[in-house]
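Below is one structure, written out as structure tokens; comments come after it.
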Amino acid sequence: MSDIHLYTAQTPNGVKISILLEELGLPYKVTAIEISKNTQKEPWFLEINPNGRIPAITDTFTDGKPIRIFESGSIMQYLTDRYDTDHKVSYPFGSREYYEVNNWFQLMWQMGGLGPMQGQLNHFNRYAPEKIEYGINRYKNETRRLYRTMETQLKSSTSGYLVGDRCTSADISCWGWVAAARWAGVDMAEFPVLDQWVKRMLERPGVEKGRHVPSKHNYEDIQKLSPEELDARAAGARKWIQESMKEEAK
């Protein structure tokens, strides 16, 4: 029986964990972290994640004592290793598919490529105090290259998922980022197979429920906004992000 407490916010990294928990059917408690108010920098949270970032979880370990897990890839590995004994969204350790899933996430492709590159694109395109075309173009083109990698992989898939015959942690770890393509400024018309994968994932009850933790996911809303409306929405976050960056630089 799990004793999982999830500390999270409505971000691509945050929804990875709530979606995985829902896919596994695990009970969990949620604390919403208000990153705009720097809750993640408060001493109590730094005891859970000394890096001051979401998501993080606590649980009761097999020895009966509390355990903290932070960084989204580490959390996903912990949850699948410990709780996915029926391999609902994973494959048995040592199998060919197990290592292929690892290729796509857990400090590899998603953690080292898709997340950081699209995250930088979000910053330069939405939150930087001035528009720097070099930064926007650099990270947009790299994000597009990574999307093409997924597009190619999905074209060769007979299941419609990234690895093998099922939805796995590889799909879950990537979904929140690709679902935010419009916010990043990437046109999904260039990636029709990947776009269908995003929508196919939405048909899964675990994804649909988990993406709205700890607050409403805005995939549908973002699709309806004009470029000007998107930029106006970003303006509200721009100020506190810049202030937070100055504080962290001290």
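Position 1 is the first residue of the sequence, and the numbers go up from there.
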- Message: Using the rule given for salt bridge (Lys or Arg N to Asp or Glu O under 4.0 Å), can you reason through E23 versus K88, listing the C-alpha separation, both sets of side-chain angles and the distance that settles it, and then say yes or no?
- Response: CA-CA 8 Å; E23 286 282 344; K88 295 177 181 177; over 6 Å; no
Take atom [atom1] in [X]; do more than 12 heavy atoms of anything else shown fall under 6.0 Å from it?
X: K65; atom1: NZ; result: no
X: K37; atom1: NZ; result: no
X: K41; atom1: NZ; result: yes

- Task: Given side-chain contact (heavy atoms from CB on, under 4.5 Å), test D59 with I69 step by step and report yes or no.
- Result: CA-CA 8 Å; D59 195 7; I69 311 289; over 6 Å; no
Under 3.5 Å donor-acceptor, [X] side chain and [Y] backbone:
X: R53; Y: Q40; value: no
X: R126; Y: A234; value: no
X: E42; Y: N38; value: no

Please examine the side chains of [Y] and [X], heavy atoms only from C-beta on, and report whether any two atoms are closer than 4.5 Å.
X: I17; Y: V213; result: no
X: L162; Y: S157; result: no
X: E190; Y: R148; result: yes

- Any salt bridge between R238 and D231, counting N to O under 4.0 Å?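 Salt bridge flag = yes for D231 with R238.
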- Task: Please state whether the rings of W175 and H217 are parallel, tilted or perpendicular, taking 30° and 60° as the class boundaries.
- Result: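 Judged by the thresholds at 30° and 60°, the geometry between W175 and H217 is tilted.
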- Quick one: sort the Y7 and W44 rings into parallel, tilted or perpendicular, breaks at 30° and 60°.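 Tilted.
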